[in-house]
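Let me begin by presenting the structure, written as structure tokens, before commenting on it.
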Amino acid sequence: MERGEIPVASLPGGFDLQSTVESGQSYLWNREDGRMYETDAPYGGSAWYWTAVRTGDGPAVIRTRQVEGRLEWESNVDATPHLRRLLRLGDDLAAIRAATPDDPLLARAYDAYEGMRIVRDPPFGALISFICSAQMRVARIHGMQRELARAFGDPVAFDGRTYRAFPTPERLAEATETQLRDLGLGYRAPYVRDTAAMVAEGEADPADARGMAYESAREYLTRFVGVGQKVADCVLLFSLGFLQAVPLDTWIRKTIAEYYPDCDRGSYAETSRAIRDQFGGEYAGYAQTYVFHYLRNGGE
DNA sequence: TATCCAAGGTAAGTT
DNA sequence: AACTTACCTTGGATA
């Protein structure tokens, strides 16, 4: 086993592991104590989390926890570059906040979760996660991804235990609708299966959206079954690095109605542009994510 | 204990 | 293009 640590206290804007991986951005991280997304779970501030990454030599497990200003990790590979990528440790959070409009709601949200960063999930896992997110609670979305990994994920031996990586498109494409429904996916089962088949057969790849202009990229992703504009925005923001994307979910729609009624332009595309401008454009997705997490946890 | 309801929406069918 | 409606499942709220 390899071990190491990354100093994070000195990163501009700081870092907070728990709010980063338990704020509804990623469903591909797990708490070792099994209490991911349980609102009554003890905070502690230093819970161990793990995820699996794909490397040239097959899947590897990365386990990490934050102890004060350090991110400690254990893995079967050198986890440092993976953690920097997955948790966007290179983002200048201070500059991002400085570039966001002076707005009382945004200020309260940023203050409440200082150090929260946008994640950079692997594209396929992000795509499937957010297909599953339709009409679903955060804790259950996470539970579904855990079930998918348990049923169809490749085993990864690490530290005397067997972990399961998130399934490959090929393995998931082999699943039957019934099998997926038995995992509790409901009507999302055929969406997941058909999208996995599209990726497995090379018909399309979510990663291909990376080089496109933002709105073209969003349009491209809607070709996957079960992906509309909202899910596409989530994949763009939480996986493909489009920090200007503002997914219009129920929470942000409520926020628009209450705080920014002028931004409601009827259609998704127009309302999206309006709230993106309201949130400062380039890093509007950061603002959205802070507001989402803040309001969902009872802030107002 | 039984019933109702909403949860980070999308696809398919109408106007 | 904009507007309806159906869709699985389940934990939590309400009666």
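Order of the sequence lines sets the chain letters (A, B, ...), proteins ahead of strands, with each chain counted from 1.
- With a 3.5 Å ceiling on both atom-pair distances, the Watson-Crick or G-U wobble partner of dC5(B) is dG11(C).
- When heavy atoms are screened at a 4.0 angstrom cut-off, Phe130(A) is found touching no nucleic acid atom at all.
- In this structure, Trp251(A) atom CH2 and dG9(B) atom P are separated by 11 Å, rounded to whole Å.
- Taking atom P on both dG13(B) and dC8(C), the two are 14 Å apart, rounded to the nearest angstrom.
- Regarding Gln229(A), its CD atom lies at a distance of 10 Å from the P atom of dA11(B), rounded to whole Å.
- Of the side-chain N and O atoms in Arg181(A), one or more sit less than 4.0 angstrom from OP1 or OP2 of dC8(C).
- Residue order along DNA chain B, read from the 5' end via each residue's closest nucleotide, puts Ser133(A) first among Phe224(A) and Ser133(A).
- A distance of about 24 Å separates the P atoms of dT4(C) and dG8(B), rounded to the whole Å.
- Closest to the side chain of Ser267(A), out of dG8(B), dA2(C), dC7(C), is dA2(C).
- Nucleic acid contact class of Glu177(A) (heavy atoms, under 4.0 Å, all strands): none.
- Between the side chain of Tyr27(A) and the base of dG8(B) there is at least one donor-acceptor pair of N/O atoms closer than 3.5 Å.
- Of the N and O atoms on the side chains of Tyr163(A) and Arg63(A), at least one donor lies less than 3.5 Å from an acceptor on the other residue.
- Taking atom CG on Leu127(A) and atom P on dG9(B), their separation rounds to 16 Å, with Å as the unit.
- Atom C1' of nucleotide dA2(C) and atom CD of Glu270(A) are separated by 14 Å, given to the nearest angstrom.
- Remark: the His82(A) side chain and the Arg85(A) side chain contain an N/O donor-acceptor pair separated by less than 3.5 Å.
- For dA7(B), the OP1/OP2 oxygens have no side-chain nitrogen or oxygen of Gln135(A) closer than 4.0 Å.
- If you check every strand for non-hydrogen atoms under 4.0 Å, Ser23(A) touches a base.
- Inter-residue side-chain proximity for Phe158(A) and Met1(A) is flagged as met; some heavy-atom pair is nearer than 4.5 Å.
- Ring pair Phe152(A)/Phe166(A): centre-to-centre distance not below 6.0 Å.
- Within the 4.5 Å cutoff, the side chain of Leu148(A) has heavy atoms near those of the Leu180(A) side chain.
- Residue Ala139(A) is the one, among Thr222(A) and Ala139(A), whose nearest nucleotide of DNA chain B lies closer to the 5' end (criterion: closest heavy atom).
- The closest side-chain donor-acceptor pair between Arg193(A) and Tyr191(A), if any, does not fall under 3.5 angstrom.
- Remark: P of dT9(C) and CD of Glu147(A) are 14 Å apart, rounded to the nearest angstrom.
- Looking at Arg188(A), its side chain comes within 3.5 Å of the base of dC8(C) through a donor and an acceptor atom.
- No hydrogens or angles were tested; on distance alone, a donor-acceptor pair under 3.5 Å links the side chain of Tyr187(A) to the base of dG9(B).
- In this structure, Ile131(A) atom CD1 and dG9(B) atom P are separated by 14 Å, rounded to whole Å.
- Nucleotides of DNA chain C nearest to Ala134(A) and Arg137(A) differ in position, and the one nearer the 5' end is that of Ala134(A).
- When the P atom of dG9(B) is taken as reference, atom CD1 of Ile252(A) falls 13 Å away, rounded to whole Å.
- Rounded to an integer number of Å, the gap from His293(A) NE2 to dG8(B) P is 13 Å.
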